[in-house]
Amino acid sequence: MPIEAVIFDLDGVIVSTDGLHYQGWQRLADEEGIYFDREINERLRGVSRMESLEILLERADRTYSAKEKQEMADRKNGYYCKFLHERLGPNDILPGVMEFLAELRRRGIAMAIGSSSRNSPTILEAIGMADYFDATADGNDISRSKPDPEVFLLAARRLGKRPEACLVVEDAEAGVTAALGGGMAVLAVGFASQDSRATLSAPDLASITVERILSFSLESA
Ligand code: B16
Ligand code: MG
């Protein structure tokens, strides 16, 4: 079936916020005396804030109450939001993104954001793209985070498109699982580009053309 809409993950696909997430989690872990490194951080990609904290706490030497966990998640988010306000801007939009989006628009393909992040509105505002997409769905709208397909199904519904007519662009294993689980094709980029389950893959959006993704959908129709 031809692709009528593209749903973009935000962090790691449109914008590079992963370094800021990492610094926020590292600071929290240091304060709590819990071992944390970049390899563990990779497991947090695309996963919700509270599930990310649970992964970080796998290395803790004591258990934490629900209240303590909430305070820790809030503390990390405070650091992350401070970094977003101080450092995030249009220069953090990833290579090839603006050209790819402009070509989709020229061809009349609908575009949405499907992100786990509750900070999506702040991020889109900071990079000057608050009004760019035809629809957005994010961590504020859903009850089940990726790898559940809820966020992508909601984005498709808000665009008025059937899942089979949508292609998701993702950089996380959890996001690839979510897109496939929702019955959508998926273009895996960045850290997910080695994921053999993906429909298409590329290092980034500068390395693949809109022509390619649309011709793929016709080939497989
Ligand atoms: P927040 P995405 C995800 O965004 C990030 O990849 C992930 O690392 C983060 O834990 C999650 O958002 C929640 O973010 O704490 O801002 O609500 O990749 O789905 O756009
Ligand atoms: Mg991502």
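Order of appearance sets the numbers: ligands from 1, and atoms from 1 within every ligand. If you're wondering where the values come from, they're calculated on a predicted model, not measured in any experiment. For the numbers below, each heavy atom of this structure counts, side chains included, while hydrogens, waters and symmetry mates do not.
The neighbour count for R118 CZ, taken as heavy atoms of other residues, nucleotides or ligands under 6.0 Å away, does not exceed 12. At most 12 non-hydrogen atoms from other residues, nucleotides or ligands lie less than 6.0 angstrom from CD of Q194.
Ligand 1 lies within reach of K146, whose nearest heavy atom is under 4.0 Å from it. Within the structure, the closest approach of G139 to ligand 1 does not fall below 4.0 Å when heavy atoms are considered. Residue contact annotation: G12 has no non-hydrogen atom under 4.0 Å from ligand 1.
Counting protein heavy atoms only, atom 18 (O) of ligand 1 is closest to D9 OD1, 2.8 Å. Taking atom 8 (O) of ligand 1 as the reference point, the nearest protein heavy-atom neighbour is L44 O, 3.1 Å. Of the protein's non-hydrogen atoms, the one nearest atom 9 (C) of ligand 1 is V47 O, 3.2 Å. The protein atom (non-hydrogen) at minimum distance from atom 15 (O) of ligand 1 is R49 NE, 2.8 Å. Residue, atom and distance of the protein heavy atom nearest to atom 20 (O) of ligand 1 are S115 OG, 2.7 Å. Shortest contact from atom 3 (C) of ligand 1 to any protein heavy atom: D11 OD2, 3.5 Å. For atom 17 (O) of ligand 1, the nearest protein heavy atom (residue, atom name, distance) is R118 N, 2.7 Å. At the top of the distance list for atom 6 (O) of ligand 1, counting protein heavy atoms only, stands G46 N, 2.8 Å.
When all heavy atoms of M129 and I14 are compared, the closest pair comes out as SD-CG2, 4.2 Å. Summarising the geometry of A174 relative to R45, their closest heavy-atom pair is CB-O, 4.4 Å, with the distance given to 0.1 Å.
Between the side chains of T136 and D138, not a single donor N or O lies within less than 3.5 Å of an accepting N or O. The closest side-chain donor-acceptor pair between Q23 and R87 falls under 3.5 angstrom. There is a side-chain donor-acceptor pair under 3.5 Å between E31 and Y79. Remark: the T122 side chain and the N119 side chain contain no N/O donor-acceptor pair separated by less than 3.5 Å. A donor and an acceptor atom, one from each side chain of S120 and S115, are located under 3.5 Å apart.
Short contacts between ligand 1 and L10, defined as distances under 4.0 Å to a heavy atom of the residue, involve ligand atoms 20 (O). Those atoms of ligand 1 that come under 4.0 Å of a heavy atom in S117, given as number and element, are 1 (P), 4 (O), 12 (O), 13 (C), 14 (O), 16 (O), 17 (O). Applying the 4.0 Å criterion to heavy atoms of S52 picks out, from ligand 1, the atoms 10 (O). Set against the non-hydrogen atoms of H21, the atoms of ligand 1 under 4.0 Å away are 9 (C), 14 (O), 16 (O).
For D11, the N, O or S atom with the smallest separation from the Mg ion (ligand 2) is O. For D171, the N, O or S atom closest to the Mg ion (ligand 2) goes by the atom name OD1. With respect to the Mg ion (ligand 2), D9 has OD2 as its nearest N, O or S atom.
Contacts between S116 and ligand 1 below 4.0 angstrom, taking non-hydrogen atoms only, involve backbone and side chain alike.
With a 6.0 Å cutoff to the six-membered ring centre and a 45° limit on the axis angle, R38 counts as a cation-pi contact of Y22. Geometrically, R105 engages Y132 in a cation-pi contact, judged by NZ or CZ lying under 6.0 Å from the ring centre and within 45° of the ring axis.
With a cut-off of 2.8 Å, the Mg ion (ligand 2) has no N, O or S atom of E170 in range.
When only interatomic distances are considered, the shortest N/O to N/O separation between N119 and ligand 1 falls below 3.5 Å.
Between H21 and Y80, the two ring planes are parallel [angle under 30°; tilted spans 30° to 60°].
When atom types are taken as modelled, the side chain of S207 and the backbone of P203 share no donor-acceptor pair closer than 3.5 angstrom.
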